[in-house]
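Below, each value reflects all heavy atoms present in this structure, side chains not excepted, and no hydrogens, waters or symmetry copies. Since we're looking at a predicted model, the values are computed, not measured.
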Amino acid sequence: MCGRFTSTAEAAALAERFATRLPEDYRVRFNVAPAQRVVAIRLEEDGERLAELLRWGLVPHWAKDPNVGYKMINARAETVREKPAYRSLLKAHRCLIPADGFYEWRTGPDGKKQPVRFTLADDEPFAFAGLWARWVQKETGEVLDSCTIVTTTANDLVAPVHDRMPVILPRGAEAPWLDPALDPVEAVSLLVPYPADAMLARPASTLVNSASNDDPAVLVPDDEQIPLLG
């Protein structure tokens with residue numbers, strides 16, 4: 001699965017990387033958690049890319065309660081064409097979710113869960129394959145746009161830590177994934193594990209266990225943290 005990730009690139013660099021204008025309230029993130037707002041890039045009818053902040057945790061249009069999104073932060077690639085919540089989104093509700101790392105947890109010798117951050121080998125930003133949905137509150141007309149990250153089987157780097165990983169799209173697959181002209185069957189064929197030899201794994205701080213910790217300190221392993229003096 002994917003339950004936490006990072007997006008630490010500055011707005012200008014991320015806008016250039018994905019050829020779109022970022023939301024004005026975008027900020028770098030070191031510990032993105034479910035139910036928070038994340039940047040999602042969609043394709044408008046005129047073919048231009050639109051980057052907006054959507055809630056992480058998909059709320060299908062037919063949901064009675066938006067809290068269902070807490071259970072739908074990920075969609076499995078293997079069943080995305082079968083599940084009612086996702087199959088209708090595969091045609092024209094695909095999106096890119098920019099990131100530059102994601103966390104998983106392994107059990108250390110002391111039995112404690114230790115976070116590991118996975119990145120590309122060059123530490124550059126990348127895009128998760130995502131799906132988005134629009135939910136409208138019937139009584140008030142309030143609109144909620146939300147998204148989910150598609151996951152697949154883990155590659156050889158991630159597998160010792162977790163059996164699932166988010167789908168990281170190769171750069172050349174980003175435009176096809178966004179393009180509604182791409183048949184859903186072909187789109188699903190893009191949902192494969194990213195090559196392990198093109199990624200790195202680094203220990204992170206247990207500070208990441210709390211979503212309230214969202215600063216560079218979460219990237220530093222606990223045994224390297226500098227204690228406060230005085």
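When the options Glu10, Glu124, Glu174 are evaluated for a salt bridge (Lys or Arg N to Asp or Glu O under 4.0 Å) with Arg17, the one that passes is Glu174. Screening Thr20, Leu43, Ile41 for a side chain to side chain contact (heavy atoms under 4.5 Å, CB included) with Leu96, the sole residue that qualifies is Ile41.
Hydrophobic clustering keeps Ile97 apart from Trp132 (ILVMFWY residues linked when any side-chain heavy atoms are closer than 4.5 Å, directly or through intermediates). If you chain together hydrophobic residues whose side chains sit under 4.5 Å apart, Val192 and Leu157 never meet in one group. Cluster membership for Leu178 and Leu90, using ILVMFWY side-chain heavy atoms within less than 4.5 angstrom, is shared.
Residues Thr153 and Arg164 approach most closely at N-NH1, 3.7 Å, considering heavy atoms. Between Arg21 and Ala51, the shortest heavy-atom contact is O-CB, 3.5 Å. Listed here is the closest heavy atom pair of Pro176 and Leu182: O-CD2, 3.3 Å. Residues Phe128 and Gly101 approach most closely at CZ-O, 4.3 Å, considering heavy atoms. Between Val59 and Ala133, the closest heavy-atom pair is O-CB, 3.6 Å. Counting all heavy atoms, side chain and backbone alike, Ala187 lies closest to Trp177 at O-CZ3, 3.5 Å.
Counting heavy atoms from C-beta outward, Arg202 and Thr119 have side chains that approach closer than 4.5 Å. Between Phe102 and Ile149 there is no side-chain heavy-atom pair separated by less than 4.5 Å. Put simply, the side chain of Leu54 does not reach to within 4.5 Å of the side chain of Ser146, judged on heavy atoms. The side-chain heavy atoms of Thr6 and Arg117, taken from C-beta on, include a pair separated by under 4.5 Å. Under the 4.5 Å side-chain criterion, counting only non-hydrogen atoms from C-beta, Val80 is in contact with Leu191. With contacts defined as side-chain heavy-atom distances shorter than 4.5 Å, the pair Val161/Trp105 does not qualify. Tyr86 has its side chain within reach of Met72: a pair of non-hydrogen atoms, C-beta onward, lies under 4.5 Å apart. In this structure the side chain of Arg81 reaches within 4.5 angstrom of the side chain of Val185, judged on heavy atoms.
Side-chain atoms of Asn31 come within 3.5 Å of backbone atoms of Ser210 as a donor-acceptor pair (strictly under, hydrogens ignored). Using a distance-only test at 3.5 Å, with no hydrogens or angles considered, no donor-acceptor pair links the side chain of Glu44 to the main chain of Asp46. Proximity of a side-chain donor or acceptor of Thr148 to a complementary backbone N or O of Ile73 within less than 3.5 Å is detected. Between the side chain of Thr152 and the backbone N or O of Ala77 there is no donor-acceptor pair closer than 3.5 Å. The backbone N or O of Ala13 sits nowhere less than 3.5 Å from a side-chain atom of Glu16 that would complete a donor-acceptor pair. With hydrogens and angles ignored, the 3.5 Å screen pairs a side-chain donor or acceptor of Asn213 with a backbone N or O of Leu207.
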Asp65 vs Val68, side chain to side chain contact (heavy atoms under 4.5 Å, CB included): CA-CA, chis, key distance, verdict | CA-CA 6 Å; Asp65 188 331; Val68 70; 5.8 Å; no
Given the rule in the salt bridge (charged side-chain N to carboxylate O under 4.0 Å, His left out) test, do Lys112 and Asp222 qualify, once you have shown the distances and angles that lead to the verdict?
-> CA-CA 12 Å; Lys112 294 182 179 179; Asp222 293 343; over 6 Å; no
Lys91/Asp183 under salt bridge (charged side-chain N to carboxylate O under 4.0 Å, His left out): CA gap, chis, key distance, verdict = CA-CA 7 Å; Lys91 176 61 179 175; Asp183 182 84; over 6 Å; no
Please assess Leu89 against Arg94 for the test side chain to side chain contact (heavy atoms under 4.5 Å, CB included), listing each intermediate value before the final yes or no.
-> CA-CA 7 Å; Leu89 305 177; Arg94 302 191 293 259; over 6 Å; no
Side chain to side chain contact (heavy atoms under 4.5 Å, CB included) assessment of Val150 paired with Asn74 | CA-CA 6 Å; Val150 183; Asn74 294 153; over 6 Å; no
Can Cys147 and Val38 be said to form a side chain to side chain contact (heavy atoms under 4.5 Å, CB included), step by step?
-> CA-CA 9 Å; Cys147 61; Val38 301; 3.6 Å; yes
Would Asp214 and Arg4 satisfy salt bridge (charged side-chain N to carboxylate O under 4.0 Å, His left out), going step by step from the backbone distance to the final call?
-> CA-CA 11 Å; Asp214 187 11; Arg4 297 288 177 85; over 6 Å; no
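For Tyr70 and Trp56, the distance between ring centers is not under 6.0 angstrom. The ring of Trp135 has its center no closer than 6.0 angstrom to the ring center of His61. With ring centers used as reference points, Phe118 lies 6.0 Å or more from Tyr103.
To the nearest 0.5 Å, atoms CG (Asn155) and CE (Met199) are separated by 5.5 Å. Note: Asp215 CG to Thr8 OG1 = 12.5 Å, rounded to the nearest 0.5 Å. Summarising the geometry, atom CZ belonging to Arg106 is positioned 8.0 Å from atom CD belonging to Gln114; distances are rounded to the nearest 0.5 Å. Lys71 NZ to Leu58 CG: the interatomic distance, rounded to the nearest 0.5 Å, is 14.0 Å. Rounded to the nearest 0.5 Å, atoms CG (Asp145) and SG (Cys95) are 10.0 Å apart. Taking CG of Leu169 as the start and CZ of Phe126 as the end, the distance is 10.5 Å to the nearest 0.5 Å.
Applying the 6.0 Å contact sphere to CD of Glu24 captures no more than 12 heavy atoms from other residues, nucleotides or ligands. Within a 6.0 Å sphere centred on CD of Gln137, heavy atoms belonging to other residues, nucleotides or ligands number more than 12. Atom CG of Asp156 is surrounded by 12 or fewer heavy atoms from other residues, nucleotides or ligands within 6.0 Å.
Of the charged side-chain nitrogens involved, none lies within less than 4.0 Å of a carboxylate oxygen, so that Arg29 and Asp100 do not count as a salt-bridged pair.
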